Amino acid sequence: MGKGQGKYPLPSPSFRARVFAALVGISATTSLVVGLVLYYFAEDRLVNEERNSLIQRSRTANASAGVFLEGLRDPENGALPASDAYAEELVRSVADSTGLEVLHAGPDGKPLAARNGLSGTPVSPGEAYERFGLDEEVLEEARTSSSGGEGRLVSTGGGTSNSPRFVAVWPLSGAEGSVQGSLVYNSPGDGLEKALAFLRYGILGAIGTSVLLAGLGSMVLARQISRPLTETRDAAIRVASGDYRSVPVKSNDELGEVARAFNYMAEEIRHYVDEIQHQKSRLEAVLEASPEAVVAIDPEERVTMANPAASRMLGIGPSSFGRKISELDVPADVLTCLREASAAGAAVREIEVGGETTYWAYAARMNDQREDRRVHGSTNGSGGGTILAVRDITEHRSLERAKTAFVSDVSHELRTPLTTIQSAVGLLERAGERLDPLEHRALELADQELKRIRAMVEELLTLAQMDSWQYSLELTPTDLDEVIRSALGSIEAKAKRFSIEIYYVGGDLQEGQDSIEQHLCLCDARKIYQVLINLLDNAVKYSDPGARVEVRVLEDPSSVTVRVTDTGVGIPEEDLPNLFDRFYRVNKDRSRATGGSGLGLAISKQIVELHGGSLSVESEVGVGSTFEIRLPKSPLPRSTPSSSYAL
């Protein structure tokens, strides 16, 4: 049976049934408790009344018995006849006059006569003795312990129609006080029991009626409570299926508030669903029109979404949904990019397929919202899957290679004639005494422009080498203090010509030091020298006479920072984001006047980044600029060339 119940559990009752059962149960329990209290209270009052009545009537009857007994006394000697002689006459006289049931027991406790005064019929003494629950001990105690001829009330433990609840036992005494036996009195009939039975039936009827009325009221109330809830449940099912019709509000109580709250919720859900559908439509349109291949996979690497471009480029179409991406004909580098993103959060790779096609792949892990709601700091990297974007950059790379080749070829072709022209200008400078001042000035201008063009050609060649990854570093342990001093020596003459003061903070021997502190790091000293020359030259060119340029070295356990600060004209805030772009010049008129090409900062930034460091700037117009070169003391692992280039 236990197994059957476990296998086929009983259905739980409905909410209406539970409300109905609860209300009926409360009503029935309350009515039963009230009925029991009333019954026991009434029973106690009736029993007390019966006791008091029996006491009064037995006292009167016992007085009559005493009078009757004195009438039997012999006038001559005052003796009383034997109890057997007058027992029948005594009980008849007392019972008929009082209406009580009387039992007379002799001095030895033996029942002698009994009579029912209500019906006027004699009763068997032995039967009455048993029915009253008497014994010799009770009678003896009544004869001996009753002082002054007073009787006592004895409980018989009865309460049925044949057995009384209690009887009154009185001693039968003469005028001189001699005890001639006992008289036992009982109220005959079942009036008390009938009254109590009538009371019980009345209370039970009242309880049944109240339960019935409560059941009817509970049924109506349960229906009124459950009907709005049922309507709300049906409406919730409709909302789940896309039907946002409201629930009728039929009252202003709590159930009405529930209906109003549900209608508000349904309206908000409809609004958000419409918004989501709208956003989904826009996203689908974007994905359909996107030239990039977009693929989403779950944590088990199964394809969950792909746009048409993914089908054209990677062969991942709708038929691939649900399959593992490793089972598809996808380039191995794409799979590597996906797995790197799943482990690290994001990954970027440039991929060549077949030597002819070049892809740029970006993958990022999608965080599951359930994971985001958990405690931060969890190391679980599964997330909600990974999204992959692949772009075909074959044409872009071809154009870049063509541009780089063109710049390199032009720069090489310009080098030779520029060298020849520079040599010719040098020869002309030797004959300076024979030139007039105007010709001499023209020769100086030509020499300056030639140097400017040669510097630009060298910068273009450097950029071409960087773009083709032919630019190499010779990393050696280097004291930056020496590199800085060398750069300051090279720029000192130009600074004096423009009345600019240059200070190297921390480069002098301090008091208590045996030698100047070294600032060692692993770098290419020649390339860092080029960066410093460029920054110092810009600080001099873009400062007014009397300005100050300060160089300071800061060091921490992992890096060395060179800070170049000037009090020049400053750089507008809107120009700072593009300051390190190629050919970008803030003040074009001043750049032309001073010979700027817009390539120096771009080259400097790439040189510093090739060292694993960073080049940053802070500036305010009219106050000056601060450039910071941060170099690691030990070489940092760099990304693959393709990854760095793609980023």
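Residue numbers run from 1 in the order of the sequence given. Given the structure is predicted, the values throughout are model-derived calculations rather than measurements.
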Worked verdict on Met305 versus Leu287 for side-chain contact (heavy atoms from CB on, under 4.5 Å) | CA-CA 10 Å; Met305 185 275 295; Leu287 291 176; 4.1 Å; yes
side-chain contact (heavy atoms from CB on, under 4.5 Å) between Val295 and Ile387: does it pass, once the steps are laid out?
-> CA-CA 6 Å; Val295 181; Ile387 190 166; over 6 Å; no
Are Val102 and Val184 close enough, and set up right, to give a side-chain contact (heavy atoms from CB on, under 4.5 Å), and what steps lead you there?
-> CA-CA 6 Å; Val102 181; Val184 181; over 6 Å; no
Criterion side-chain contact (heavy atoms from CB on, under 4.5 Å) on Val390 and Met313, from CA distance to verdict = CA-CA 8 Å; Val390 179; Met313 297 170 59; 3.8 Å; yes
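A donor atom on one side chain and an acceptor atom on the other are found under 3.5 Å apart for Trp170 and Ser58. With 3.5 Å as the limit, one finds no donor-acceptor pair spanning the side chains of Arg57 and Tyr185. A donor and an acceptor atom, one from each side chain of Asp556 and Ser559, are located under 3.5 Å apart.
Taking 4.5 Å as the limit, every side-chain heavy atom of Val334 sits out of range of all side-chain heavy atoms of Tyr359. Put simply, the side chain of Arg115 does not reach to within 4.5 Å of the side chain of Thr121, judged on heavy atoms. Here the side chains of Asn186 and Leu100 are not in contact, with every heavy-atom distance at 4.5 Å or above. In this structure the side chain of Asn307 reaches within 4.5 angstrom of the side chain of Ser290, judged on heavy atoms. A heavy-atom distance below 4.5 Å is not found between the side chains of Leu388 and Ile297. Using a 4.5 Å heavy-atom cutoff, the side chains of Leu46 and Glu50 are not in contact. Between Leu103 and Pro111, some side-chain heavy-atom pair lies under the 4.5 Å cut-off. With a 4.5 Å cut-off on side-chain heavy atoms, Val249 and Arg260 count as touching.
One finds a salt bridge joining Glu101 and Arg131 here, because a Lys/Arg side-chain nitrogen approaches an Asp/Glu carboxylate oxygen to under 4.0 Å. A salt bridge does not link Glu301 with Lys324: every distance from a Lys NZ or Arg NE/NH1/NH2 to an Asp or Glu carboxylate oxygen is 4.0 Å or more. A salt bridge between Lys110 and Asp108 is absent, with no side-chain N of the basic residue lying under 4.0 Å from a carboxylate O of the acidic one.
With a 6.0 Å radius and a threshold of 12 heavy atoms from other residues, nucleotides or ligands, Tyr264 has its OH atom at or below the threshold.
Closest of all the heavy-atom pairs between Ala114 and Ala128 is CB-CB, 4.0 Å.
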